[in-house]
Each structure stands twice: as structure tokens, then as C-alpha cells.
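To keep things clear, I will list the structure first and then write my remarks on it.
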Amino acid sequence: MSSCWIPDRISCLQLVAVEEIFLVFSSSVLEAIDAVLSGAQVLAVPLRSGGRRKQLGGGGGGGGGDFCWLTQEDLVRYFLNSISLFSHVAGRSISSLGLVRADDVLSVRPHEAALSAVPLLRRAIATETAVAVVDDYGHLVGEISPALLASCDETAAAAVATLSVADLMAYIDYFGSPPEHISRAIKAGLKSKGLDAMLELVENEAVSSFAFSSSSSSDDEAHGRAAKLRRPSSGSYGRRSTEEPVVCSPASSLVAVMMQALAHRASYLWVLDEDDDCRLAGIVTFVDVLRVFREQLQ
């Protein structure tokens with residue numbers, strides 16, 4: 001592999017793992033990539049002065065310090081800004097670079113119980129991806145993102161425990177005001193499972209949501225608008241709905257995939273089949289992208 005000049009250095013050399021957060025001191029970009037490829041999701045970099053500050057080590061006494069978080073996204077953006085140094089691979093397709101991984105796709109069917117997706121969601125959290133929702137023909141119909149699910153309130157647990165995958169997607173998208181048939185399905189499921197405490201929580205949340213929506217409707221009608229509680233469609237730098245997964249083709253170039261992922265603030269892209277643009281062929285992640293640059297820097 002050709003060697004490339006590394007423009008900057010970050011603080012690394014000694015790695016201290018705290019779950020998926022690594023505290024790094026006095027080292028190079030190469031070692032930062034190695035930490036990510038070893039499983040780190042976030043690098044905590046000591047700040048000398050300025051920068052994004054985050055107190056690490058708890059309040060009071062010694063052991064605290066000013067750090068900035070260095071994420072996989074930051075590293076990918078760094079290489080995109082230096083892409084002219086890697087022109088020999090930037091225009092190559094992700095398929096030719098071997099980045100399309102079919103075996104690592106986490107997927108469920110729309111008719112399956114949402115509860116069956118929980119083990120997959122745990123794995124998705126660890127890999128900073130999501131669970132693909134595919135139909136019986138292998139077509140991608142949506143995704144369940146741990147980040148989107150985490151943005152819901154406590155009643156999301158009831159939805160996961162009682163709904164199908166398809167209904168859970170609708171529940172997430174309607175964020176706080178699911179369709180009536182989904183609300184009824186959740187309550188019926190909780191009652192049949194004997195989860196009375198959770199049922200009471202859902203009913204209390206429904207009353208609070210109704211009071212809030214009534215107040216919002218009155219305010220909106222006064223201004224000649226209809227209230228809409230459905231989660232707004234997300235564009236760039238926003239949250240996507242479960243039916244708006246970010247996709248690419250096996251023929252997409254490395255630089256195009258980097259730009260698309262960064263534009264959508266996504267750490268992964270679903271790859272659709274070239275001959276059937278609805279059929280899921282695999283996934284490409286930031287880790288895959290960083291592995292290419294790591295090989296180029298050897």
C-alpha cells in the first residue's frame with residue numbers, strides 16, 4: 001500500500017477503555033483509527049486550550065479534566081477534507097473495495113413481534129447501526145434505529161412488548177401521538193400479558209398527551225393552522241423516520257458514500273441491489289470506510 005502524509009496529530013498512545021469510550025493520550029491519527037477498529041465508538045481527547053469542552057471524571061476533587069469527544073464521524077470528515085491525498089481510492093466503488101457487507105446485516109420482518117428485535121437492537125447499539133426491516137422478498141421497507149427509539153418516552157417499552165415490527169415503526173414515527181389502532185393494540189397486549197402497571201403508565205401518558213394536543217389545537221386554530229403531532233420529516237442533519245433509511249448502490253464511489261453519510265448524520269448506509277433497487281444487498285459503515293484509509297496509511 002502507498003504511504004500518505006498525515007497532516008495532523010491528535011492526543012493518543014495510552015488507551016483507557018470506559019465501555020465504548022476511550023481516553024487517548026499523545027498519538028497519531030493512525031492509532032485513533034486503530035482504536036475505532038478495535039471497537040471504540042468515541043475517543044476522549046484532552047484539550048490544551050479552547051475546543052469543545054466536556055468535563056470527564058465526575059465533579060469535585062481531582063481526576064476531572066477538559067476533553068473533547070472525537071467520534072467516527074469526525075474521523076470520516078477529517079479524511080473527506082483530505083480526500084485529494086487519496087484520489088486513487090476515492091472514486092472507486094464500494095463494491096470494488098469490498099465494503100458491502102451482506103452477512104452483518106441485522107434484519108427483521110414487518111409481521112414479526114417487535115420484541116424479537118431487541119437482541120438485534122443491542123447489537124445495533126454496539127455497531128452504531130440499525131435493524132433493517134425487510135419484506136418476504138428481501139426488499140427494504142424501513143429500519144428501527146436505536147437512536148429514534150431512545151427519543152420516545154417510557155411507553156416505548158410497552159410498544160416493543162406488544163406490537164409487531166410494522167406497528168412499532170408507525171409508533172416511533174408518530175412520536176407521542178400514535179394512531180388509535182396502535183394505541184388500542186398496545187393496551188390490549190398489555191392487558192393480555194397481565195402487565196397492569198405498564199398499562200396504567202400508558203393510560204396516564206395518553207391522558208397527558210390528549211391534554212397537551214387539545215391545548216396545542218386550540219392555539220393552532222387561533223392562528224388558522226391544524227395541529228400536527230406526527231414527527232416532521234427529517235432532512236439533512238435531522239432525525240429520519242423509520243421509513244426513510246439512507247441508501248446507496250454497490251456502484252457508489254467511496255467519496256460519494258462518505259458525503260451522503262455525513263450529510264444525513266448517519267454512521268451507516270444500506271446498500272441496495274443494482275438489479276433490484278428495492279432489494280437489500282448489504283450495509284456499509286463508517287468503520288468500513290475508516291478501514292480503507294487505515295490500509296492506505298500503512
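Throughout, residue positions are numbered sequentially from 1 according to the sequence presented. Side chains are part of it too, since the values below use all heavy atoms of this structure and drop only hydrogens, waters and symmetry mates.
- Using a 4.5 Å cut-off on side-chain heavy atoms (C-beta onward), V246 and W270 make no contact.
- For the atom pair CD1 of I125 and CG of L120, the computed distance is 11.5 Å after rounding to the nearest 0.5 Å.
- Note: F79 and F86 have perpendicular aromatic rings, judged against thresholds of 30 and 60 degrees for the angle between ring planes.
- The main-chain N or O of D34 is found under 3.5 Å from a side-chain atom of S38 such that the two form a donor-acceptor pair.
- Taking both residues in full, the closest heavy atoms of A130 and S145 are given as CB-CA, 3.9 Å, listed atom of the first, atom of the second, then distance.
- At a cut-off of 3.5 Å, with distance as the only test, a side-chain donor of S96 or S93 sits close to an acceptor on the other residue.
- L254 and V292 make their closest contact through CD2-CG1, 4.1 Å (heavy atoms, listed as atom of the first residue, atom of the second, distance).
- C278 approaches L272 most closely through the heavy-atom pair O-CD2, 4.1 Å.
- Scanning both residues, I182 and D167, for their nearest heavy atoms gives CD1-O, 3.7 Å.
- For Y268 and F286, the gap between ring centers reaches or exceeds 6.0 Å.
- We find the CG-CG distance between L190 and D196 to be 9.0 Å, quoted to the nearest 0.5 Å.
- Under 4.0 Å is where a charged nitrogen must lie from a carboxylate oxygen, and between R77 and E73 at least one such pair does.
- We find the CD1-CG distance between I33 and L290 to be 6.0 Å, quoted to the nearest 0.5 Å.
- Separation of atoms CE (M198) and CD1 (I186) is listed at 10.5 Å; rounding is to 0.5 Å.
- Remark: side-chain polar atoms of S82 are paired, donor with acceptor, to backbone N or O of Y78 under 3.5 angstrom.
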Self-check item: Criterion salt bridge (Lys or Arg N to Asp or Glu O under 4.0 Å) on D276 and R279, from CA distance to verdict
Solution: CA-CA 6 Å; D276 181 349; R279 186 178 182 83; 5.4 Å; no
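- Using a 4.0 Å cut-off between charged side-chain N and carboxylate O, R109 and D135 make no salt bridge.
- Checking side-chain atoms of T127 against main-chain N and O of R123 turns up a donor-acceptor pair under 3.5 Å.
- Taken from OG in S192 to NZ in K187, the straight-line distance is 14.5 Å, to the nearest 0.5 Å.
- If you take CG on D173 and CD on E244, they are separated by 7.5 Å, rounding to the nearest 0.5 Å.
- A donor-acceptor contact closer than 3.5 angstrom links the side chains of Q72 and E128.
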